[in-house]
Amino acid sequence: MSCTEVWWSEMEHIKMPKVENVRLVDRSSSRRTQVGTLYLTATHTIFVGKGSEDRSELWVLHSLVCNVLKHKASQSGYPLLIHCKNFQVIQFIIPQESDCHNVYISLSRLSRPEKYEELYCFSFNPNVDKAERGHSWDFLDLKAEYSRMGLPDKLWHVTAINREYRVCDTYPADLFVPKSVTLPVIIGSSKFRSRGRFPTLSYYCKENHATICRSSQPLSGFSARCLEDEQMLQAIMKSNPGSRFMYVVDTRPKLNAMANRAAGKGYENEDNYCNIKFQFIGIENIHVMRNSQQKLIEVSTLRSPSMGEFLTGLENSDWLRHIKSIMEAAVFISKAVAEEGVSVLVHCSDGWDRTAQVCSVASVLLDPYYRTLKGLMVLIEKDWISFGHKFSHRCGHLDGEAKEVSPVIDQFLECVWQLMKQFPCYFEYNEKFLISIHDHVYSCHYGNFICNSQKERKDLCIKEKTHSIWPHLWENKLDFTNPLFKPDQSQNQGLLRPRTAPYCFKYWRRLYNRFDRELHPRQSELDCLMTVKEETQQLEEELALYEQKLAVLDKERAKALYMQKGVLESKQTLWSLPLDTSLANTPQDYIGGFIGGAPNVFTLQQGERENAELCLFGDKPKSSDADNSDQESGVADFSSHSSGEESLPSEDSVKDPDSDETGPNRE
Amino acid sequence: MEFAELIKTPRVDGVVLHRPFMPTVEGTLCLTGHHLILSSRQDNTEELWLLHANIDSIEKRFIGSLGTIIVKCKDLRVIQLDIPGMEECLNIASSIEALSTLDSVSLMYPFFYRPLFEVIEDGWQLFVPEEAFKDLESMTDEWRLSEVNKDFSVCPSYPSLLTVPKDIDDESLCKAASFRHGGRFPVLSYYHKKNGMVMMRAAQPLTGTNGRRCKEDEKLINATLCAGKRGYIIDTRTVAVAQQAKARGGGFEQEANYPQWRRIHKAVERSNVLQESLIKLVEACNDQSHSMDRWLSKLEASNWQSNVKEILTTACLAAQCIDREGASVLVHGTEGTDSTLQVTSLAQIILDPACRTIRGFEVLIEREWLQAGHPFQQRCAQSAYSNGKPRSEAPVFLLFLDCVWQILRQFPCSFQFNENFLIMLFEHAYASQFGTFLGNSVAERLKLLLSQKTVSLWSWVNRPQELERFLNPLYEPNNLVIWPSVAPQSLLLWEGVFLRWNRSSKCLDEANQEMVHIIEYNKELQNKVNSLRRQLAQLETEDGPLQTP
């Protein structure tokens, strides 16, 4: 089926391509709504505001839609609530019940594609040729990553055993194993492990030869053992010449692991394996995590909750407790590797959820490289994509088993975020990078996070039919750079030792309330510093230029230069102006509608008030307001510098005239 | 000197000091009249100088003859001293207890402290009511400065000079004072230049159960309204609490008697409740159990963050009435010395950019807290580790600082000062070598001759060397009214105060230094570029007639 055919078949699902007079409700204040037209396309839901001046647009990818709900009719129409996987919540009010129902039916179908070919990445067609597309997939090279780690070396090498995905169809083709293990040992071990996921290398510390290896649970039941598997572990231990034992970390709660024994699975018996120290770390399973995040989302979307409701809800969701348990597991492993010089084998049940989390967070703690932009991409490519984290199932890309969905990768990104909070100078990337990755994991805009394994991606010809996200993120690296990053120090600062006291874990407002702009600081320290740094760079260039010119002291050149003067002068204070001054001047609802709602002689009408705000700090500066003229010019200047997120396709899903993030509507 | 009588053992050798995140120090412990000093007599180790006044409570325990004293400070720090010898330990403990709970104000350290720096600018002159009134006069002629409280007889907690409506004479003021709790009749707190609206503050009216009224009080506050306009009375108490106050002779303004005013009740907690909240919060922060559930439920149960939210919301409401509704506002609670001041001072930070500068903020504290009669001495007598019966201590000022910090977090470029400035103020309010926060009112301070006998905190803070530490590198003045978010997601725990001693600040300090470095380097480059540009331009003019581009 070609893309066009898919497109046409999707068009069939659209019962209602266009609805007029739809109201978009502002979630921070239900009294603020915007009238416009709703369009359904094969890929997006689009809302275009009607106002003659504020033609704001809202674009939502169907693949980002988590669920669609119809609410009870109100006097103004039929509400339709759309929850997105990036935590955006959109409420439309549609005048006619039949229209509302049609939109509901269409969206429900469009947001649950049944076939991979229906996903957006297969129809997304940026203007690049075939060679460039292929090139984009070569941006990350895992072979290079392993050689960065120092592999292969005299103890570890790549095995070709899984080239055809015959030993383990969820593993990548290339795997590192100890040189000392023979093919029969690998095959024997793989037969003794769930889904054939035998122990293989994930991270190698070349300084002390300690490794993090990963696998799935052994099929030990109550008493079964496997000589080859025991030899495999022995070989891993011996490939770390300095150590006399290795850790085997089962990331599941002990009770869960024991229950698995009844099903013929289970965990390693210390008596059967030489020199292993076995350790349970109680991270809960995907179902617990799914429910936990659901509760967290409910808390984050409460409308004007009290402090008590919020904190109780946060506690009851257990979300931060789970984040803490993942972090603690990673801390244990990273210390074992860096401080004790002991190798660790990590597994859970299948070895693609908790194992991926724990191995990758431990790697971030261990290796400064993973705290760089490129490094984090590589880490996700290696520990998540190549090792068969089931993105399609966990993210619910296709209509399918709801029980397979779980925010496993969300938790990984959040652990990294929590670390960034504790170590503000040790990460090259900022939280926008994490949020952007989160967005793309779910958006199906690029092919990277499609399918459940390397084999599936190969069979689907993902590299030939879709584009890779990584070069795109790399091009926008200026926006994703942490201005406080100190590379030198970070290199010296090998192992991060985060604190894991409960109060060290914070609620990630920027992710969970990402679209509730009024909840975020109105001036952003990050944006400020990023702009200063950018300006500093320009100044450095200018300085070099001037110095050069002075040295030459050419008359004509001096004149030419003089002509350019003033370019920077006009920009000198541009960084100092907060992006969000428009929001600064918007009070919240501090009394629950008392003032605006009460019949009061001197209350501004809603429209007037919004106009007043617009005039003061919106796109149309009014020179009559002397007090603010400075700011306005500042804002105008600033927009030329505004963050480059505008070029990020998924970010342009929000086109709001007074948004600080989007480009098109700014001058 | 009576201090000597209290110090049973002035020095002990071989004392070991334990502090979180710092290496232990062994040295000699000395007790002086005002300090607990531990010196290792090694050049490169830090000595501990602790004001007795900073000690909130102590605990002692013994293992054999080794005694241990746990010292819990008002700035929330907890340190441990291991003292060899049971007798020495007992002596030290009882001396510390006696010295840290001296009753007489005039024995406090500020009366003995001699500054090691030259006072360039006397902080006692930071705020001069007459000058502030001159500023007001330049904007409006509807107010006058009244000397009715010259001898503090009309209202003991008010200063001698008060700004009142021009048309109200002193006799009416006295009558209005007799109708308000503690004599605190409505006075001007803030004039909003942008639209001429005002914020006034007072104490509750003494309506009692039979609905007393006072024509002068009504006339006084009506005098602040423009013709045909209405105003808002923000009562910081809930309706129920305000109703209950009637039984004790207090109450609130009846609509019938104040038809031009609309009353709004909010729920800012009373001071005794706040003290309880602080104690619970600090206990939660010091909990070692490592359980997430326990931490979050204790944090919630302390209600501290709820208090922050409530106070901030009320202040925002007051500011909104003034700036957005174009209405004047009267704020009061019960006594008008606690929640009222939290609300009026925060509203000014939201509305008035001047209050977001260092000097402006100092003036705000002088005007809205010290002069306005917040009983600092009573409120800050004990902090979170007080274990005796609570008297009148309460973290009213700390909550105000917490709210300021919340706004600062949300508007990191709008304040001239940084978080350290707020933490410093918290420390000095509870224990200080300076006299600024001694006494409970202007009258008390005059009687204590503080301005002659002690040094003002501002004399020290405003020296350029000190100020540097308190400057916010991101500050860029703006004239905006800044509306903070009061959603629970937006309000954070003030770690700089509450977790300060439970975490290593190394990484955060590093980040702050880096931030300063980024901005300083930028400025340095800018200067270089500008000077080179001038040089080039000069060369050009020397070389011939200027060609204007």
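Keep in mind that what you see is a predicted model, and the values were worked out from it rather than measured. Below, read A as the first sequence line, B as the second, and so on, with proteins coming before strands; counting in each chain starts at 1.
With hydrogens and angles ignored, the 3.5 Å screen pairs no side-chain donor or acceptor of B:Glu300 with any backbone N or O of A:Leu311. Judged by distance alone, the side chain of B:Gln489 and the main-chain N or O of A:Ser300 form a donor-acceptor pair under 3.5 Å. Looking only at distances, no side-chain donor or acceptor of B:Thr313 sits under 3.5 Å from a matching main-chain atom of A:Tyr590. Within the 3.5 Å criterion, the main-chain N or O of B:Ile482 finds no donor-acceptor partner in the side chain of A:Arg522.
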- request: Take A:Thr500 and B:His290, measure what side chain to side chain contact (heavy atoms under 4.5 Å, CB included) needs, and give me the verdict at the end.
  value: CA-CA 8 Å; A:Thr500 53; B:His290 232 70; 3.5 Å; yes
field: side chain to side chain contact (heavy atoms under 4.5 Å, CB included) between A:Met307 and B:Glu310, worked out
entry: CA-CA 9 Å; A:Met307 187 57 82; B:Glu310 207 53 54; over 6 Å; no
- request: Output, in order, the C-alpha distance, side-chain angles, deciding distance and verdict of side chain to side chain contact (heavy atoms under 4.5 Å, CB included) for A:Leu529 and B:Ile519.
  value: CA-CA 8 Å; A:Leu529 288 172; B:Ile519 286 166; 4.1 Å; yes
task: Check the pair B:Trp483 / A:Glu518 against side chain to side chain contact (heavy atoms under 4.5 Å, CB included), numbers first and verdict last.
output: CA-CA 10 Å; B:Trp483 301 106; A:Glu518 71 288 346; over 6 Å; no
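Both the backbone and the side chain of B:Ile518 come within less than 4.5 Å of a heavy atom of chain A. For A:Ser306, the part sitting under 4.5 Å from any heavy atom of chain B is the backbone (N, CA, C, O) and nothing else. Neither the backbone nor the side chain of B:Ser289 has a heavy atom closer than 4.5 Å to any heavy atom of chain A. Heavy atoms of A:Arg321 lying under 4.5 Å from chain B belong to its backbone as well as its side chain. Heavy-atom distances place no part of A:Asp516 under 4.5 Å from chain B, backbone and side chain included. Heavy atoms closer than 4.5 Å to chain B are found in both the backbone and the side chain of A:Glu547. Within the 4.5 angstrom heavy-atom criterion, no atom of A:Glu541 approaches chain B.
Annotation: the span from B:Arg503 atom CZ to A:Gln422 atom CD amounts to 10.5 Å, rounded to 0.5 Å. Between A:Lys549 atom NZ and B:Leu532 atom CG the span is 12.5 Å, to the nearest 0.5 Å. In this structure, CG on B:Leu492 lies 12.0 Å from OH on A:Tyr507, to the nearest 0.5 angstrom. Atoms CH2 and NZ, on B:Trp295 and A:Lys324 in that order, are 12.5 Å from each other to the nearest 0.5 Å. Once rounded to the nearest 0.5 Å, the distance linking CD of A:Gln538 with CG of B:Leu525 reads 11.5 Å. Atom OG of B:Ser306 is separated from atom CZ of A:Phe310 by 12.0 Å, given to the nearest 0.5 angstrom.
Counting only heavy atoms from C-beta outward, the side chains of B:Gln526 and A:Glu535 approach each other to under 4.5 Å. Residues A:Pro424 and B:Leu508 are in side-chain contact: their nearest non-hydrogen atoms beyond the backbone lie under 4.5 Å apart. Residues B:Asn502 and A:Tyr503 have side chains in contact (heavy-atom distance under 4.5 Å, counting atoms from C-beta outward). Using a 4.5 Å cut-off on side-chain heavy atoms (C-beta onward), A:Gln523 and B:Pro412 make contact. A:Asp318 places a side-chain heavy atom less than 4.5 Å from the side chain of B:Asp293.
Contact detail for B:Asn522 and A:Leu539: the closest heavy-atom pair is O-CD1, 3.8 Å. Looking at every heavy atom in both residues, B:Ser291 comes nearest to A:Pro502 through O-CG, 3.6 Å.
A:Glu540 has no carboxylate O lying under 4.0 Å from a charged side-chain N of B:Lys528, or vice versa, which leaves the two without a salt bridge. A salt bridge is absent between A:Lys421 and B:Glu495: the closest approach of a Lys/Arg side-chain nitrogen to an acidic carboxylate oxygen does not fall below 4.0 angstrom.
Within a 6.0 Å radius of CD in A:Gln537, no more than 12 heavy atoms belonging to other residues, nucleotides or ligands are found.
Note on B:Met515, B:Arg409, B:Arg294: by heavy-atom pairs under 4.5 Å with chain A, the leading option is B:Met515. For chain B, the option among A:Gly308, A:Ser304, A:Pro483 with the highest count of heavy-atom pairs below 4.5 Å is A:Gly308. Comparing B:Ser490, B:Ala511, B:Ala284, B:Ala487 by heavy-atom pairs within less than 4.5 Å of chain A, the highest count is held by B:Ser490.
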